[in-house]
Amino acid sequence: MPETIPISSDTPPKKQPDTRARPYEGIGYVHSVETGGAVDGPGLRFVLFMQGCLMRCLYCHNRDTWDRHSEKELHFTVPQLMQQVLSYKHYFRATGGGVTATGGEPLLQYQFIRDWFVACREHDIHTCLDTNGYALHYDSAMEELLDNTNLVMLDLKQIDPEIHKVLVGIPNTKVLHFARYLAERGQPTRIRYVVVPGYTDDDRSAHLLGEFIADMPNADTVELLPYHELGAHKWELCGDEYKLKGVSPPPKETMLRIKEIIESYGKQTIV
C-alpha cells in the first residue's frame with residue numbers, strides 16, 4: 001500500500017476547507033468552461049467546472065478548483081451562460097450530448113445549477129450533474145435541481161468510512177445519505193469509482209461498493225476509472241505536496257477483476 005497520511009497526535013492539523021456559503025445572487029462562480037467534452041456524460045458536452053470543493057482527495061486532478069474564492073474565477077449569470085450553450089445545440093442533437101455541471105463540487109452552488117438546468121430543459125437540452133454527493137441542503141431548490149437533471153454521475157470514492165477519511169479527508173456519511181436520497185427519488189444515476197492502488201483496488205472495497213449499490217435500482221451502471229497522475233502538477237502550482245507521487249495506474253487485470261466483482265451484484269460495468 002502506498003504511503004498514506006499518518007493519523008497520530010503528532011500529525012499537524014490539516015487546513016480546513018472554507019465552508020462559508022456565498023449568498024446566492026443569481027451568479028455562478030466558475031473555474032473554467034470546456035466545450036466538446038467527451039468524458040463527462042453521453043455525447044459531446046458543454047462542461048462547466050464550478051469553483052469550490054470541500055473534499056481533499058489525494059488523487060484530485062483539479063486541485064485548483066478547491067478554494068471557494070479564486071482570483072481567476074469566472075462569473076456568469078444564467079442568460080450569459082445560455083448564450084454560449086445554445087450555440088452548441090446542434091452538436092448536442094447530433095451526438096446525444098448536452099451540458100454537465102462538475103467541479104470542484106457543483107452542489108456547493110446548487111441554486112445556480114438549478115437555474116441553469118431549468119433554462120437548459122426549456123430548450124430540451126440534456127443535463128448532467130457530476131457530483132461527489134456532499135450535499136449540505138435538502139430543500140425545494142435541491143428538489144427542483146434534481147427534477148431538471150437527466151443524469152446524475154455520482155462519485156463514490158470508498159464505502160469503508162476509515163479509508164474514505166484517509167483518501168478524501170472527510171467522512172462519507174453525507175455522501176452515502178445523498179446516494180440513498182437519489183435512490184428514493186428514483187433519480188437516474190451512474191456510479192463512478194476511481195480505482196486507486198492501495199486505497200480502492202482491493203476485493204473488499206469492491207464488494208463493499210457492490211453491496212451498497214445493489215439496492216439502488218436507479219443506478220444500473222458503474223463506470224470504473226483508473227487512477228492517473230495527470231493533475232499532479234496542479235498541486236505544485238498551488239504550493240501543496242502531491243502525496244501519491246510515484247503511484248502507478250492500476251493494471252488492466254485489476255480493472256477487470258473489480259469489474260467482475262461489481263457485475264456480480266447485477267450492475268452493468270464500464271471500464
Side-chain angles (χ1 to χ4, degrees), residues 16-35 37 40-41 45-56 62 64-86 88 92 98-155 170 173-190 192 218:
Q16 294 298 312
D18 182 1
T19 59
R20 293 171 297 173
R22 310 183 202 230
Y24 181 57
E25 298 176 340
I27 296 174
Y29 298 88
V30 176
H31 172 269
S32 56
V33 176
E34 179 183 351
T35 58
D40 299 285
R45 317 290 300 181
F46 182 99
V47 186
L48 204 64
F49 293 85
M50 305 304 294
Q51 187 70 40
C53 185
L54 300 183
M55 289 190 176
R56 299 293 181 257
N62 287 328
D64 48 343
T65 67
W66 283 3
D67 297 337
R68 298 291 292 270
H69 306 272
S70 170
E71 294 179 357
K72 298 181 180 181
E73 69 188 16
L74 307 172
H75 298 169
F76 285 101
T77 64
V78 169
Q80 289 171 337
L81 199 55
M82 291 305 294
Q83 283 186 331
Q84 295 190 40
V85 169
L86 291 175
Y88 294 95
F92 303 154
V99 303
T100 297
T102 184
E105 176 44 53
L107 287 183
L108 292 182
Q109 300 185 59
Y110 72 111
Q111 294 158 307
F112 178 79
I113 304 301
R114 172 203 59 188
D115 291 349
W116 183 37
F117 280 12
V118 167
C120 288
R121 292 293 293 276
E122 289 174 352
H123 291 276
D124 197 28
I125 295 173
H126 185 277
T127 55
C128 177
L129 176 69
D130 181 12
T131 175
N132 61 34
Y134 200 79
L136 300 176
H137 305 279
Y138 291 86
D139 55 14
S140 59
M142 175 65 82
E143 290 280 346
E144 192 174 5
L145 164 58
L146 293 175
D147 286 345
N148 286 278
T149 300
N150 291 110
L151 176 66
V152 174
M153 294 197 301
L154 176 62
D155 297 321
I170 57 177
T173 309
K174 284 185 169 58
V175 176
L176 301 186
H177 177 75
F178 185 72
R180 296 186 184 100
Y181 174 67
L182 295 177
E184 291 172 0
R185 284 180 52 90
Q187 189 83 35
T189 300
R190 175 186 296 181
R192 282 182 151 185
N218 62 308

Quiz item: Do Asp130 and Arg192 pass the side-chain contact (heavy atoms from CB on, under 4.5 Å) test, and can you show the C-alpha distance, the side-chain angles, and the key distance before you say yes or no?
Solution: CA-CA 9 Å; Asp130 181 12; Arg192 282 182 151 185; 3.5 Å; yes
Quiz item: Between Asn150 and Arg121, which heavy-atom pair has the shortest distance, and what is it?
Solution: OD1-CD, 3.7 Å
Quiz item: Under 30°, 30 to 60°, or over 60°: which ring-plane class applies to Phe46 and Tyr88, parallel, tilted or perpendicular?
Solution: tilted
Quiz item: Per the side-chain contact (heavy atoms from CB on, under 4.5 Å) rule, which among Thr77, Ile27, Val78, Leu145 passes with Phe112?
Solution: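 Checked Thr77, Ile27, Val78, Leu145 against Phe112; only one passes side-chain contact (heavy atoms from CB on, under 4.5 Å): Val78.
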Does [X] reach the side chain of [Y], with side-chain heavy atoms less than 4.5 Å apart?
X: Val30; Y: Met50; value: yes
X: Cys128; Y: Asp40; value: no
X: Met82; Y: Cys120; value: yes
X: His123; Y: Val85; value: no

Self-check item: Gap separating the OG1 atom of Thr65 from the NE2 atom of His31, nearest 0.5 angstrom
Solution: 6.5 Å
Exercise. From the options Thr131, Asp139, Asp115, select the one residue that forms a side-chain hydrogen bond (donor to acceptor under 3.5 Å, both in side chains) with Tyr110.
Key: Asp139
Quiz item: So, Glu105 side chain and Leu54 main chain: donor-acceptor pair closer than 3.5 Å or not?
Solution: no
Quiz item: Quick one: side-chain hydrogen bond (donor to acceptor under 3.5 Å, both in side chains) partners of Asn148, sequence neighbours excluded?
Solution: none
Exercise. Any chance you could lay out the side-chain contact (heavy atoms from CB on, under 4.5 Å) test for His126 and Phe92, step after step, and finish with the verdict?
Key: CA-CA 8 Å; His126 185 277; Phe92 303 154; over 6 Å; no
Kindly list each side-chain donor-acceptor pair under 3.5 angstrom involving residues 176-184, sequence neighbours excluded, with atom names and distances?
residue : atom : partner : partner atom : Å
Tyr181  : OH   : Glu143  : OE2          : 2.8

Practice problem: Could you please spell out the steps behind the side-chain contact (heavy atoms from CB on, under 4.5 Å) verdict for Arg56 and Ile170? | Solution: CA-CA 8 Å; Arg56 299 293 181 257; Ile170 57 177; over 6 Å; no
